[in-house]
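The structure appears below as structure tokens.
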Amino acid sequence: MARWLITSAWPYSSVTPHLGNMVGSILSGDVIARYLRLKGNDVLYVSGSDEHGTPVEVEALKANLSVKEFADKNHNKIKTLFERWKISYDNYTRTENPTHINFVQDFYLKLQKNGYVYESTEKVHYCDKDGRFLPDRFVEGECPFCGFKNARGDQCDGCGRPIEPESLISPICVICHSPVHLKETKQWFFDLPKLENEIKAYLMSKSIHLSDIARSFSLKLVEEGLKPRSLTRDSKWGIPAPFEGAQGKTIYVWMEAVLGYVSATMEYFKNIGDPTGWRKFWFEKDTKCAYFIGKDNIPFHTLILPALLLGTREGYNLPSVVESTDFLMFEGQKFSKSRRIGIWIDEALEIAPADYWRYTLLSLRPEGGDVNFKLDSFIEKVNNDLNNVLGNLVNRTVVSFEKFCGSRLRAKPRLDGDTEKFIDSFLMRHDEIGSLYESFKIQHAVKTTILQAVEGNRFLNEKEPWKLFKTDRERAISITYSLLRLIRLLAIELYPITPAISETLWDNIGEQGTILSYGWDKAKEDFNYPLQIQRFPPLFKKLSREEVINKLEELRSGGRAEWTH
RNA sequence: AGCGAGGUGGGGAAGCUAGGUUAUCCCGGCGGGCUCAUAACCCGCAGAUCAGUGGUUCAAAUCCACUCCUCGCUACCA
């Protein structure tokens, strides 16, 4: 029993997350949160919508909505989608919430007081027509190296070279297409180099668990030397910078969104009427903090967030686990909103139930290199692993129980050696699955869970209780009993992976109360007698390849203008 | 360009950090079994010189070097 703060990267709210976004951070965090809860830990799982910054402003402009309206709409949409995906957040909040805004402002004043914030001027592209400073991404021009016409402000997509803002030829604003010019502006910076040694020591310490890429990538950045990070932007949509003389400026989104982990915890406890409860999670040293992210935002979690927390000198808990995944590719290509490559989490739910996606994504979770997600693999995994192997095992077991025992068992039957051995083997595998989750080997844990069902089918075929029943009733019943034990165990093991299916199964075969109250370890115990289980409908439905593809094409045909991918 | 990650039977994935019997799993192909079950399940067979070359070692998919290919990243895009 321990205390765990689980977090997943905050989705940027101008776009709907796609399957790739889902698997690495949100789903992974959910699986671990669910597992740890089953183990009886004190778990808090938080995240929220990251909704400030220029991209949201620009998207709002396109959608012809005020920024606030646009942000509200997207936040609500994403929040609802996560609920439908059964993501078990204790608090899914947003960076627009007042707790967050106040916390961030206080936080940076403290950092400034402690000497980690300084001012400096820089030149940034300015659009006179829109009256705004533009992040490099919103500036286009001709590449000074290769002459490519649509080079972005920071990098040329033609030759791949980085571009200094001054050298871009004839820069224009991508929002209104009028010429832009460089204008001097004062900004506030976070003095990251001052904390370099502490960060290095933190990364090298044994108390932190990092995925391999997270460790190597972070250490490399530290070796190269950390650079100051700019803290403010000349942008209206965001958290007003609290520094003296910084009127009209906001905090740079990344530098505030990572603090949302803290403010979301605060907000959760405020809502349940325990305004100081959050401190347990952030200051007591026996709390573990796990962060689930995609590989694209490793440095923000391994360098910047720890540095910010250290900079307060208040003793915040630093991340104890940073689990990053590689990317999910779609049919061999990178997910791309503009090219419509990939599947988004709202579309997915129109094609198949969330659990089908959850299972497939988790069994492909990119833990060692990018992984290719194919529609055919999805269909194959659902039809084979879930329906044929798992669903059918459950059905044959329950039907056998009905035939051999009249759906009722008064007491534990006497078991022969083979059956005892079989039960031992799946109970042992149950522990193995637990250790896999504890070392965050989610993909392996998921595969081992399905292996439980494969072994169940094998045992059934080997023992042929339907034959035995004619000659040796007692043995046929004891075999069926062992399989019932297995499928009840599976109901528990599926809880982190496919929660809806898990609950359906539990409702049909489980004890009184919820799975959560029952727990991971108690699943190893015998039933309460008398045991009564009635036949119930199949857990899964096979997918037809044709239907899935038709549905996807229908979604792709553009009949849904309101979708803002 | 620099940095990083990967290349495993027809397709998709493990294994590689701590080298060691016939390289694992799923799909597909072929043959068989069972017929309790959702035309499902189980067994067997075929198919990989683990990208290539060289090296270390008694022993390498696993360690080292180089080459080829693919992809990602390069922090003011979240």
Side-chain angles (χ1 to χ4, degrees), chain A residues 9-15 21 50-56 95 122 124-125 133-139 145 152-155 159-162 165 187 192 212-213 215-217 220-221 224 226-227 229-230 232-233 252-254 257-258 294-300 303-304 326-327 329 332-334 363-374 376-381 383-385 387-389 391-404 441 443-444 447 450-451 454 456-469 476 479-480 537-542:
Chain A
W10 289 43
Y12 198 62
S13 79
S14 76
V15 291
N21 301 134
D50 174 10
E51 46 191 349
H52 294 138
T54 311
V56 173
T95 54
E122 58 178 6
V124 177
H125 286 289
F133 284 95
L134 297 165
D136 291 336
R137 189 193 187 187
F138 290 96
V139 178
F145 303 106
R152 283 180 292 131
D154 52 347
Q155 189 179 10
C159 66
R161 265 177 280 216
Q187 299 298 4
L192 194 53
D212 293 344
I213 17 166
R215 184 182 300 277
S216 57
F217 186 50
K220 198 197 86 191
L221 291 176
E224 287 173 359
L226 299 178
K227 295 175 190 151
R229 297 287 310 211
S230 99
T232 50
R233 287 289 180 280
Y252 171 43
V253 269
W254 257 119
V258 290
K295 69 176 170 185
D296 50 339
N297 50 40
I298 290 170
F300 289 96
L303 307 175
I304 292 173
D326 286 284
F327 288 138
M329 311 288 281
Q333 293 175 285
K334 206 184 169 190
S363 70
L364 289 171
R365 184 172 181 262
E367 294 173 9
D370 296 346
V371 159
N372 190 17
F373 181 97
K374 297 178 72 173
D376 284 336
S377 316
F378 170 61
I379 296 162
E380 175 209 309
K381 279 174 182 297
N383 290 351
N384 189 63
D385 297 1
N387 186 75
N388 294 352
V389 172
N392 188 33
L393 174 73
V394 169
N395 191 53
R396 27 191 337 207
T397 302
V398 172
V399 170
S400 298
F401 187 55
E402 184 184 87
K403 289 191 176 165
F404 305 160
K441 291 180 178 155
Q443 190 197 106
H444 199 156
K447 284 181 179 162
I450 292 300
L451 183 62
V454 170
N457 278 317
R458 184 173 295 162
F459 185 70
L460 207 43
N461 274 59
E462 197 180 299
K463 295 299 170 192
E464 300 183 307
W466 53 90
K467 277 186 186 167
L468 272 177
F469 186 64
I479 287 161
T480 305
L539 291 173
F540 302 97
K541 219 181 111 192
K542 276 197 184 190

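Remember, it's a predicted structure, so these values are computed and weren't measured experimentally. Residue numbers start from 1 in every chain, and the chains themselves are labelled A, B, ... in the order their sequence lines are given, proteins ahead of strands.
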When the P atoms of B/U22 and B/G12 are considered, how many whole Å apart are they?
28 Å
A/N457 side chain to A/V389 main-chain N or O, any donor-acceptor pair under 3.5 Å?
yes
Answer whether the closest heavy-atom distance between the side chains of A/V371 and A/D326 falls below 4.5 Å.
no
I'd like to check A/I479 versus A/W466 (side-chain heavy atoms, cut-off strictly below 4.5 Å). Are they in contact?
no
Return the value, rounded to whole Å, for the distance between atom CG of A/L393 and atom C1' of B/C41.
9 Å
Is there, by distance only and without an angle test, a donor paired with an acceptor across the side chain of A/N395 and the base of B/U38 below 3.5 Å?
no
Minimum heavy-atom distance A/S363-A/K447, with the two atoms named
O-CE, 3.7 Å
Partner lookup for B/A1, please. Criteria are Watson-Crick or G-U wobble with both distances under 3.5 angstrom; report none if nothing qualifies.
B/U74
Quick one: A/D296 CG to B/G72 P, roughly how many Å, whole number?
13 Å
Close side-chain approach of A/K374 to A/L364, heavy-atom, < 4.5 Å:
no
Determine: side-chain N/O of A/Y252 to OP1/OP2 of B/C76, distance under 4.0 Å, yes or no.
yes
Does B/G44 pair with anything, Watson-Crick or G-U wobble, both distances under 3.5 Å, and if so, with which nucleotide?
B/C30
Look at the side-chain N and O atoms of A/K403 and state whether any lies under 4.0 Å from the OP1 or OP2 oxygen of B/A37.
yes
Taking the nucleotide of RNA chain B with the closest heavy atom to each, which residue, A/D385 or A/T54, is nearer the 5' end?
A/D385
What's A/F540 touching, base or sugar-phosphate or nothing? Going by heavy atoms closer than 4.0 Å.
nothing
So A/Y12 and A/V56, side chain to side chain contact (heavy atoms under 4.5 Å, CB included) or not? Walk me through it.
CA-CA 9 Å; A/Y12 198 62; A/V56 173; 3.4 Å; yes
Can you tell me how far P in B/C43 sits from the matching atom in B/C26, rounded to whole Å?
9 Å
Side chain of A/R396, heavy atoms from C-beta onward: which of B/C34, B/C76, B/C41 has the nearest atom to it?
B/C41
Considering every strand and a 4.0 Å limit on heavy-atom distances, what is the contact class for A/N384: base, sugar-phosphate, or nothing?
sugar-phosphate
What distance, rounded to whole Å, do you find between the two P atoms, one in B/A61 and one in B/U21?
9 Å
Interatomic distance at C1', B/C16 relative to B/C63, whole Å:
10 Å
d(NZ, A/K542; P, B/A39) in whole Å
8 Å
Describe the nucleic acid contact of A/V371 in one word from base, sugar-phosphate, nothing, applying a heavy-atom distance below 4.0 Å.
sugar-phosphate
Nearest listed nucleotide, side chain of A/N372, among B/C36, B/A13, B/C76:
B/A13
In whole angstrom, what separates A/E462's CD from B/C43's P?
9 Å
Using only atom types and a distance under 3.5 Å, with no angle test, would you say the side chain of A/N383 pairs donor to acceptor with the backbone of A/K542?
no
Look at the side chain of A/N461 and the base of B/C41, then say whether one donor and one acceptor between them are separated by less than 3.5 Å.
yes
Determine the contact category for A/G391: base if any of its heavy atoms lies under 4.0 Å from a base atom, sugar-phosphate if only primed atoms, P, OP1 or OP2 are that close, otherwise nothing.
base
Would you say B/C43 has OP1 or OP2 under 4.0 Å from some side-chain N or O of A/R458?
yes
Side chain of A/S400 only, please: which of B/A13, B/C36, B/C77 is the nearest?
B/C36
Distance, C1' atom - from B/C69 to B/A59, rounded to whole angstrom:
30 Å
Hey, does A/E367 reach any base, or is it just sugar-phosphate, or nothing, if we go heavy atoms under 4.0 Å?
nothing
Distance in angstrom units between A/N297 CG and B/G72 P, rounded
18 Å
Report which part of the nucleic acid A/Q443 touches: base, sugar-phosphate, or nothing (heavy-atom distance under 4.0 Å, all strands).
sugar-phosphate
Could you state the interatomic distance from OG1 (A/T95) to NE2 (A/H52), rounded to the nearest 0.5 Å?
4.0 Å
Taking only the side-chain heavy atoms of A/V389 (C-beta and beyond), determine which of B/A13, B/C41, B/A75 contains the nearest atom.
B/C41
Could you work out the separation of B/G11 and B/G47 based on their C1' atoms and round it to a whole Å?
13 Å
Would you mind pulling out the nucleotide paired to B/U21, Watson-Crick or G-U wobble, both distances under 3.5 Å?
none
Could you tell me the separation between the NZ atom of A/K463 and the C1' atom of B/G33, rounded to a whole number of Å?
17 Å
Send over the distance from A/D370 CG to B/U70 P, rounded to a whole Å.
16 Å
Look at the side-chain N and O atoms of A/K467 and state whether any lies under 4.0 Å from the OP1 or OP2 oxygen of B/U35.
yes
Answer with base, sugar-phosphate or nothing: what part of the nucleic acid does A/N392 contact at a heavy-atom distance below 4.0 Å?
base
With rounding to the closest Å, how many angstrom separate the P atoms on B/C76 and B/A14?
30 Å
When rounded to the nearest Å, what value does the distance between P atoms of B/G31 and B/C71 take?
40 Å
Heavy atoms under 4.0 Å, any strand shown: does A/R233 hit a base, just sugar-phosphate, or nothing?
sugar-phosphate
What's A/K541 touching, base or sugar-phosphate or nothing? Going by heavy atoms closer than 4.0 Å.
nothing
Given B/A13, is OP1 or OP2 found less than 4.0 Å from the side-chain N or O atoms of A/K374?
no
Whichever of A/E380 and A/I304 has the more 5' nearest nucleotide on RNA chain B, that residue is A/E380
Look at A/K334 and B/C73 and indicate whether a side-chain polar atom (N or O) is within less than 4.0 Å of OP1 or OP2.
yes
Here the distance between atom C1' of B/G6 and atom CG of A/D326, to the nearest Å, is 9 Å
Return yes if some donor-acceptor pair links the side-chain N/O of A/Q443 with the main-chain N/O of A/E367 below 3.5 Å, else return no.
no
